[in-house]
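Because the structure is predicted, anything quoted here is derived from the model rather than measured.
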Amino acid sequence: MALEFSPQALQKVSEVIGRYPHKQSAVVPVLYLAQEEFGHLSQEAIEYVANLMEIPAARLYGIVSFYTMLNMQPVGKHHIQVCRTLPCALQGAGKIIAFLKERLSVDLGETTPDGKFTFSAVECLASCGTAPVMQINDTYYENLSPEKIEKILELLK
């Protein structure tokens, strides 16, 4: 059976498209809905959305590969994204990344064997004044230290 949105997701897609003057303007929110519906944006999911949005699939691949919130591979239950741009780097993002690599026993871009955590470094989370910062799923954690991260990880077990 071919991949397709559930009736509820199709309703959300229609609502999102209705907020924009041009259908193609809604592509990022629709991709995000597809990711929620299908778990990640596989080749099949991207091609499905491309047909739905009347956009070439190649254009969608460019969009999906640009935005760090869109995932072409499955991610763990908790997707940890650490900002590594200059403000965060100056405030210790490298140490945060090293701590998480050791604590989770995975490298960047990997998922723990139990599927609980996927660990990524991203270019900007737009929270420079509270660096270093990470995002886990849709929640921001700011002014990080190894001790603070340890408490956060304990809450997610």
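The shortest heavy-atom contact between M72 and I46 is CE-CD1, 4.0 Å. Of all heavy-atom pairs spanning A93 and C83, the tightest one is CB-O, 3.3 Å. A pairwise comparison of heavy atoms in T111 and P74 identifies OG1-O, 4.5 Å as the closest pair. When all heavy atoms of M134 and L100 are compared, the pair lying nearest together is SD-CD1, 4.2 Å. In plain terms, the two heavy atoms of I149 and L144 that are nearest each other are CG1-CD2, 4.1 Å. Residues A131 and N143 share a closest heavy-atom pair of O-OD1, 3.9 Å.
In this structure E102 satisfies the side-chain hydrogen bond (donor to acceptor under 3.5 Å, both in side chains) test with no other residue, sequence neighbours excluded.
Looking only at side-chain heavy atoms (C-beta outward), T118 and E110 stay at 4.5 Å or farther from each other. Under the 4.5 Å side-chain criterion, counting only non-hydrogen atoms from C-beta, Q24 is not in contact with V27. Q135 has its side chain within reach of D138: a pair of non-hydrogen atoms, C-beta onward, lies under 4.5 Å apart. Within the 4.5 Å cutoff, side-chain heavy atoms of K101 are placed close to those of F119. Side-chain contact between V30 and V28: absent, with no pair of heavy atoms (C-beta onward) separated by less than 4.5 Å.
Using modelled atom types, one finds a donor on one side chain and an acceptor on the other under 3.5 Å when comparing S6 with E37. Checked by atom type, the side-chain pair E147/S145 shows a donor-acceptor distance below 3.5 Å. Using modelled atom types, one finds a donor on one side chain and an acceptor on the other under 3.5 Å when comparing H79 with S120.
With a 6.0 Å radius and a threshold of 12 heavy atoms from other residues, nucleotides or ligands, Y20 has its OH atom above the threshold. Under a cut-off of 6.0 angstrom, the local environment of NZ in K77 is sparse, with at most 12 non-hydrogen atoms contributed by other residues, nucleotides or ligands. Within 6.0 Å of NZ on K95 lie no more than 12 heavy atoms contributed by other residues, nucleotides or ligands.
Taking SG from C128 and CD from E142, the interatomic distance works out to 11.0 Å, rounded to the nearest 0.5 Å. Here CG of L33 is found 10.0 Å from CG of L10. Values are rounded to the nearest 0.5 Å. With rounding to the nearest 0.5 Å, the separation of OG1 in T139 from NE2 in H78 is 10.5 Å. Put simply, CD1 on I80 and OH on Y141 are 9.5 Å apart, with the number rounded to the nearest 0.5 Å. One finds the CG atom of L155 at 10.5 Å from the CD atom of E150 (value rounded to the nearest 0.5 Å). Interatomic distance, I97 CD1 to C88 SG, rounded to the nearest 0.5 Å: 9.0 Å.
When the side chains of ILVMFWY residues are joined at heavy-atom separations under 4.5 Å, either directly or via intervening members, L108 and V122 end up in two distinct hydrophobic clusters. Following chains of ILVMFWY side-chain contacts shorter than 4.5 Å, one can reach L70 starting from I17, so the two form part of one hydrophobic cluster. Residues F99 and L156 fall within the same hydrophobic cluster, defined by Ile, Leu, Val, Met, Phe, Trp and Tyr side chains chained together at heavy-atom separations under 4.5 Å. Note: the hydrophobic cluster containing V13 also contains Y67 (ILVMFWY, side chain heavy atoms under 4.5 Å, direct or indirect links). The cluster map of Ile, Leu, Val, Met, Phe, Trp and Tyr, joined by side-chain heavy atoms under 4.5 Å apart, puts I96 and L86 in different clusters.
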Worksheet item: Hey, mind stepping through Q81 and T68 against side-chain contact (heavy atoms from CB on, under 4.5 Å) and telling me if it holds?
Response: CA-CA 9 Å; Q81 299 175 80; T68 60; 3.8 Å; yes
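Q73 places no side-chain N or O within 3.5 Å of a backbone atom of H40 that could act as its donor or acceptor partner. Checked by atom type and distance alone, the side chain of Y140 pairs as donor or acceptor with a backbone atom of L125 at under 3.5 Å. Side-chain N or O atoms of T112 include one that pairs as donor or acceptor with a backbone N or O of F117 at under 3.5 Å.
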Let me check something: any side-chain donor-acceptor pairs from residues 49-65 under 3.5 Å, sequence neighbours excluded? List them with distances.
unit_1	atom_1	unit_2	atom_2	d
N51	ND2	E47	O	3.4
S65	OG	Y61	O	3.1
S65	OG	G62	O	3.1

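Aromatic rings of F5 and F38 (six-membered ring for Trp) have centroids within the 6.0 Å cut-off, being under it.
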